[in-house]
Amino acid sequence: MTRLIRNDEHISDAANNEDSFRLLRARVSVLKKASDARLMPYLELAGFGSVALIRSSDLRFDLLSALVERWRPETHTFYFPCGECTVTLEDVALQLGLPIDRSPVTGVSSFTDPAALCYQLLGDSPGDAIATEGELMCVARAYIIHMVGAVLMPDTNSDSLHLMYLPLLADLSTARSYSWGSAVLAMLYRELCRATKPDVRDIGECLILLQSWALYRLPFLASISHQPYLYPLPLRWTVRPGIEKSYDVPIYRLMIEQHAREGFIWMPYRRPEITNVVPSSAYVDSHIWCTNALIINFNVVEWYHGDRVLRQFGCIQPIPDPPCQLGEVHGMTKRGIFQLDWGIQHRKFVALWNDRLRRVPQMVMATDPQP
């Protein structure tokens, strides 16, 4: 890693000392209660029905810390002995069931009357038995906001979530027209890049996805083999007895170094046990899994390098092009650290997003394509 990264401030440099390690921590939020059965039709309508089934998380922060040591910010990929790999749009679609080929998750992020917006779209809690459709839709919006803040894009420091997502849920029938999956992936990429800095001690965003991705592709990291395959796929690691024993960071380092070359599973989702539980709707956008494109979540703009991990899609991997660099935009926040005309930048990025299908690389298939 030291020879690959361009930034001297990367945790992999400290990881070269086998006697020391950094253990990341996070504020863990979970959906402790199942959603009311009356809400499920509305959650499905909005595209969040699968995520609503995830109840709890059994996160292994030693494992996550070991993964961060192998993250390369320039390419948004992990470097293992087997080669380059990453969490992709395929993983988001098949593991979480979120839409990935829709409009970018963006819009207005400041409001003149936020209280009125909340009252209009969230309303009051419905009664136990006589809730109207409008009341149920308000509660469904609140539950989606809760899922976004607790599972999909949790912050590292607080339980709060920015109000900017709420207007996108005003019409639940069009809420699934947004690419929530790529927004979640953009936030995870951004957080992994931040976590590579040695002075960082916490990590956030969709860690359930990151850990589940690692356990499906590096099964030797989990000490179980009898857990049933469930959907959404992270449920395999969140039901009793979980993934059992957790090791410390040096042990996970050693396991990855010794076993990842032969033990990494490039296409775990083609196993019949998994294809039998994943709904066909999760494959609808499979044509963009290996694209090169921007992925956007309001001010967060990241580059998705599908061409660097073609073996994850059953393709022969040629030498990839140099990674696309976003420059100062890669570190931009809503606080305006960089003096950019965000309106102009935003329109440029959305235009590139809409042009992404033309960026799908020409591939040589090593096996039959995923159905």
Side-chain angles (χ1 to χ4, degrees), residues 27 29-55 96-155 157-184 186-187 204-206 295-301 333-336 342-343 346-347 349-350 353-354:
R27 176 187 59 80
S29 298
V30 297
L31 301 175
K32 297 180 180 179
K33 293 181 62 177
S35 61
D36 189 311
R38 295 173 294 175
L39 301 182
M40 285 306 296
Y42 302 102
L43 298 178
E44 291 283 356
L45 179 66
F48 291 88
S50 297
V51 178
L53 300 176
I54 299 176
R55 278 294 143 274
L96 301 179
L98 291 172
I100 59 172
D101 186 23
R102 303 291 187 272
S103 300
V105 174
T106 189
V108 177
S109 60
S110 60
F111 309 96
T112 57
D113 194 347
L117 178 66
C118 290
Y119 182 79
Q120 174 190 357
L121 298 181
L122 299 180
D124 298 321
S125 297
D128 290 336
I130 55 173
T132 66
E133 182 178 30
E135 289 173 328
L136 289 174
M137 292 178 71
C138 285
V139 178
R141 293 189 192 98
Y143 197 79
I144 292 171
I145 289 294
H146 179 42
M147 288 191 291
V148 172
V151 176
L152 298 177
M153 293 181 272
D155 189 23
N157 300 315
S158 69
D159 291 322
S160 60
L161 183 70
H162 200 286
L163 194 61
M164 61 191 181
Y165 296 105
L166 186 55
L168 305 184
L169 304 173
D171 185 349
L172 293 179
S173 64
T174 61
R176 70 182 310 129
S177 67
Y178 293 97
S179 183
W180 295 101
S182 64
V184 168
M187 297 299 289
E205 304 310 328
C206 197
I295 48 178
I296 299 172
N297 184 356
F298 282 88
N299 64 291
V300 174
V301 179
T333 72
K334 293 189 293 295
R335 296 182 179 88
W342 176 243
H346 173 266
R347 289 191 293 272
F349 293 142
V350 171
W353 166 277
N354 292 329

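Here the structure is a predicted model, which is why all the values come from computation and not from measurement.
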Tell me if a side-chain donor or acceptor on R176 pairs with a main-chain N or O of E44 at a distance below 3.5 Å.
yes
Donor-acceptor pair, side chain of T132 and main chain of E135, under 3.5 angstrom
yes
Which atom pair, heavy atoms only, marks the closest approach of P114 to L163?
CB-CD2, 3.4 Å
For Y42, the ring-ring contact (aromatic ring centres under 6.0 Å, His included) test, sequence neighbours excluded, returns none
Could you grab the distance from atom CG of L117 to atom CG of L122, nearest 0.5 Å is fine?
7.5 Å
Listed partners of I145 passing side-chain contact (heavy atoms from CB on, under 4.5 Å), at least two apart:
L161, Y165, L166, L169
When every non-hydrogen atom of G47 is compared with those of P99, the smallest separation belongs to O-CD, 3.9 Å
What heavy-atom pair brings G107 and F298 nearest, and what distance separates the two atoms?
N-CE2, 3.2 Å
Could you report the tightest heavy-atom contact between N297 and M187, atom names first, then the distance?
ND2-CG, 3.1 Å
Report the distance from atom CE of M147 to atom CD1 of I54, rounding to the nearest 0.5 Å.
9.5 Å
Please determine whether side-chain contact (heavy atoms from CB on, under 4.5 Å) holds for the pair L98 and F48, giving the CA-CA distance in whole Å, both sets of side-chain angles, and the decisive distance to 0.1 Å.
CA-CA 7 Å; L98 291 172; F48 291 88; 4.0 Å; yes
Rounded distance [0.5 Å steps], OG in S50 versus CG in L96:
8.5 Å
Are the side chain of W180 and the backbone N or O of V148 linked by a donor-acceptor pair below 3.5 Å?
no
For a quick test of reading the model, state the closest non-hydrogen atom pair linking V105 to S179 and the distance between them.
CG2-O, 3.6 Å
Set of residues satisfying side-chain hydrogen bond (donor to acceptor under 3.5 Å, both in side chains) with respect to T112, sequence neighbours excluded
none
Heavy-atom closest pair (E205 atom, M153 atom, distance to 0.1 Å) is OE1-CA, 3.2 Å
How long is the straight-line distance from CG of N299 back to CE of M164, given to the nearest 0.5 Å?
6.0 Å
So how far is it from L43 CG to Y143 OH, rounded to the nearest 0.5 Å?
7.5 Å
Hey, could you give me the CE/CG distance between M137 and L39, rounded to the nearest 0.5 Å?
11.5 Å
